[in-house]
Structure formats: C-alpha cells, structure tokens
Number of protein chains: 2
Amino acid sequence: MSWNLDNDRPIFVQIVEHLQCDIVSGVYAPGQKIPSVRELATEASVNPNTMQRALSELERDGLMHSERTSGRFITEDITMIDKLKEELATKRIEDFLKQMERLGLSPREIKDLIAKKVKE
Amino acid sequence: MSWNLDNDRPIFVQIVEHLQCDIVSGVYAPGQKIPSVRELATEASVNPNTMQRALSELERDGLMHSERTSGRFITEDITMIDKLKEELATKRIEDFLKQMERLGLSPREIKDLIAKKVKE
DNA sequence: ACTATTGTATTAGTCACTTAATACAATAAG
DNA sequence: CTTATTGTATTAAGTGACTAATACAATAGT
C-alpha cells in the first residue's frame, strides 16, 4: 500500500493514521518488528525526522516500543489493538454521518446510498 | 451552526467546506445575500483575510459572486448547487468506504455498522 | 455631495511543519 | 574488539498558513 500523503494536513499526522491502519488491519502483526526509521522514511519519501515524530506518537500511545538497537516492535497487546480498531471505526462512522447530515441528507438517504455503493 | 474549526487542516479550506455545506443544504438559499467578509470573519473568529481567501475560492468555482459594494450573493444556478451536492456526497462516501476498508472491515461489516448507527 | 459599507489589495510578522545535515549512544553481529 | 545499524537529539533554514494593520476603490443610502 503506497503512502499517498498530501499537503492538506501535517504529514506526520497522516503517517500516524497510516500506521494505525496497518496495525489494526493486520499488515503488521502483534509483536512484529517494523522497518527502521530510516527505511520507513525513504519508503514514504519523507525526512527521517518526520517519520521519527510519527513513530514517537505511536509509541506514546503504547502501540509500539523501541529497543535501542534491535529496532521497533508492534505491541503484543491484542486487546489494545482491537480497542483501537473499534475506536477508529466508530469515530469515522460518526464523522461521516455528521458530514452527510450537514449536506442536508437524511439518515434514511445516507443508509440507502451506502447500501447502493456497497453492492458495487 | 458553529464553525468548529480545528488546527488539523488549513482554516480557509475548512471554511470553504463549511460554506459549501451551507449552500447545498439550503442554509443559504440560491440568490441570497450573505454577510460581509468582515461579519463572517468575526463570526468565525478568523482574520478577514482568511475569510476573504475562502470566499474567493467559492467565487472562482462559481458558487457565489460579489458585487462591489452591494455585497456577496449565492449563485442562482440550482443545477450547479445540486451537482455540487451530489459530488460532495459521492466523494465522502467513497473516502469513508476506503478508510473503513483500510481498517480491515469488509463491505458487509461496514454496512451493518452504518445500519446500526442510523437506527439510533 | 457626503458618508458608511462593501470588496479588494498590500506589506509585514508569527508560528508550525518540514527538510537538511549532523552527531551521539547503545548494542547486535562479525 | 570493531563495525555497522539501531534509535535519538540538535541546530538551522525554508515554506505556507494565518494574523495584523492598513489602504484603496466603488457605490448604496442619506
């Protein structure tokens, strides 16, 4: 999956979200070692400092931890990962519904539109 | 409706989106005069220049037009407004579905979650 | 005619994000 | 022990968004 970073929002924020997705969707398994800061930075075409900042955020939240010279590892706490997954999903659904209602669409219309899109 | 601006994205972009919503949802009727740059800026707690920038964007897209000293008016082209409404809705649905799939949820799961939320 | 209000333009300064270029500490690997 | 690789920290510079403070032009209202 490419990184697809844009200039609409801070890059480090987008990286955090990208990695959160990779974690909750299983791209990175619990306990798995992830590439080094420098590797990830190259891969995403950003400065190592920017990648470092994103990783620090994730570390602060307990989603990963670093071991001085061995590298960085995803947490093994599956409960934490599942909880994050539900949080992210819930938040996105709520944001989405709010946005759609602000466009003047009724819950009923929204539901139908989704059902139609999902069929495709 | 309060403006609810955050620091995650450029404020002028958020203002553009806010006003687009107000137009397609009918808060501002076609042809209606909208408050002055200075009034809107005060209301949204931003600098007049920032509001001006957002309004210029909307004007560039043809959604409103300014008349030197009479003020600014929403377009009377209802077709344009309806088209925008559909564009915005479609884009948001697609973005939403992409995000949810990246979290590792199947279309089926997504549909069920929405249905559940909409019931509330 | 005068005045207030409108949109618009200009210039400067502040701040956060980003990049760049290093440097250092710790340790796994040889 | 030596070396390469890891995470981490520091300093400087560039960029864009935002604010601030004006100034000007046009015209509706009086």
Side-chain angles (χ1 to χ4, degrees), chain A residues 2-20 22-23 28-76, chain B residues 2-20 22-23 28-76:
Chain A
S2 60
W3 290 79
N4 274 335
L5 306 173
D6 58 50
N7 293 318
D8 290 350
R9 293 175 309 149
I11 293 181
F12 81 92
V13 173
Q14 297 179 57
I15 294 176
V16 166
E17 291 173 357
H18 184 101
L19 291 172
Q20 283 178 330
D22 282 354
I23 294 171
Y28 292 127
Q32 180 180 344
K33 178 178 178 178
I34 66 175
S36 74
V37 180
R38 294 168 176 80
E39 274 182 74
L40 287 172
T42 302
E43 190 186 313
S45 301
V46 300
N47 190 279
N49 297 332
T50 305
M51 183 57 70
Q52 167 76 16
R53 178 164 179 186
L55 295 175
S56 297
E57 292 266 322
L58 293 166
E59 193 149 340
R60 185 175 50 73
D61 293 343
L63 254 63
M64 45 180 65
H65 54 95
S66 59
E67 277 163 24
R68 209 46 181 156
T69 66
S70 314
R72 246 193 199 81
F73 300 86
I74 305 294
T75 180
E76 296 184 7
Chain B
S2 60
W3 291 79
N4 274 336
L5 306 174
D6 59 49
N7 293 319
D8 289 350
R9 292 176 309 148
I11 292 180
F12 81 93
V13 173
Q14 297 180 58
I15 293 175
V16 166
E17 291 174 359
H18 185 101
L19 291 172
Q20 283 178 331
D22 282 354
I23 293 171
Y28 292 127
Q32 180 179 345
K33 178 178 177 179
I34 65 175
S36 73
V37 180
R38 293 168 176 80
E39 274 183 75
L40 286 172
T42 302
E43 192 185 311
S45 302
V46 300
N47 190 278
N49 297 332
T50 305
M51 183 57 69
Q52 168 75 17
R53 177 163 180 188
L55 294 175
S56 298
E57 293 265 323
L58 293 167
E59 195 149 339
R60 185 174 51 71
D61 294 344
L63 254 62
M64 45 181 64
H65 54 95
S66 60
E67 277 163 24
R68 212 42 183 156
T69 65
S70 315
R72 245 191 199 84
F73 300 85
I74 304 294
T75 181
E76 295 184 8

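The chains referred to below are lettered A, B, ... by the order of the sequence lines, with proteins before strands, and numbering in each begins at 1.
- Using a 4.0 Å heavy-atom distance criterion, B:Asn49 is classed as a base contact.
- The main-chain N or O of A:Ile74 is never found under 3.5 Å from a side-chain atom of A:Lys33 such that the two would form a donor-acceptor pair.
- Distance, A:Ile34 CD1 to D:dT6 P: 12 Å, rounded to whole Å.
- Within the structure, every side-chain polar atom (N or O) of A:Thr69 is placed at least 4.0 Å from both OP1 and OP2 of C:dA25.
- B:Phe12 is not listed as a side-chain neighbour of B:Leu55, based on a closest heavy-atom distance of 4.5 Å or more.
- The closest donor-acceptor contact from the side chain of A:Gln52 to the backbone of A:Asn49 lies at 3.5 Å or more, if one exists at all.
- Contact of the A:Met64 side chain with the A:Thr75 side chain is not registered, since no non-hydrogen atoms from C-beta on lie closer than 4.5 Å.
- The CG-P distance, from A:Asn47 to C:dA21, rounds to 9 Å in whole Å.
- Counting any heavy atom pair closer than 4.0 Å across all strands shown, A:Gln52 reaches a base atom.
- Put simply, A:Thr50 has a side-chain N or O that comes within less than 4.0 Å of OP1 or OP2 on C:dT19.
- For the pair A:Ile15 CD1 and C:dC17 P, the interatomic distance rounds to 13 Å; values are reported in whole Å.
- Within residues 36-44 of chain A, the residues that place at least one heavy atom under 4.0 Å from DNA chain C are, in residue-number order, A:Arg38.
- When heavy atoms are screened at a 4.0 angstrom cut-off, B:Ser70 is found touching the sugar-phosphate backbone but no base atom.
- The interatomic distance linking B:Arg68 (CZ) with D:dC24 (P) rounds to 14 Å, in whole Å.
- Distance alone, capped at 3.5 Å, is enough to place a donor-acceptor pair between the B:Gln32 side chain and the B:Ala29 backbone.
- Annotation: of the two residues near DNA chain C, B:Glu67 and A:Arg9, the 5′-most nearest-nucleotide partner is B:Glu67.
- One atom, CG of A:Asn7, and another, P of C:dC17, lie 14 Å apart when rounded to the nearest Å.
- Judged purely by atom type and a 3.5 angstrom limit, B:Gln14 uses its side chain to pair as donor or acceptor with the backbone of B:Asp6.
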**OP:** Take B:Arg9 and B:Glu17, measure what salt bridge (Lys or Arg N to Asp or Glu O under 4.0 Å) needs, and give me the verdict at the end.
**Re:** CA-CA 12 Å; B:Arg9 292 176 309 148; B:Glu17 291 174 359; 3.1 Å; yes

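- Distance, A:Lys33 NZ to D:dT6 P: 7 Å, rounded to whole Å.
- Contacts of residues 53-60 of chain A with DNA chain C (heavy atom under 4.0 Å): A:Arg53.
- Between B:Leu19 and B:Tyr28, the shortest heavy-atom distance links the atoms CD2-CE1, 4.1 Å.
- For the pair B:Phe73 CZ and C:dT6 P, the interatomic distance rounds to 11 Å; values are reported in whole Å.
- Using a 4.0 Å cut-off between charged nitrogen and carboxylate oxygen, A:Arg72 and A:Glu59 count as a salt-bridge pair.
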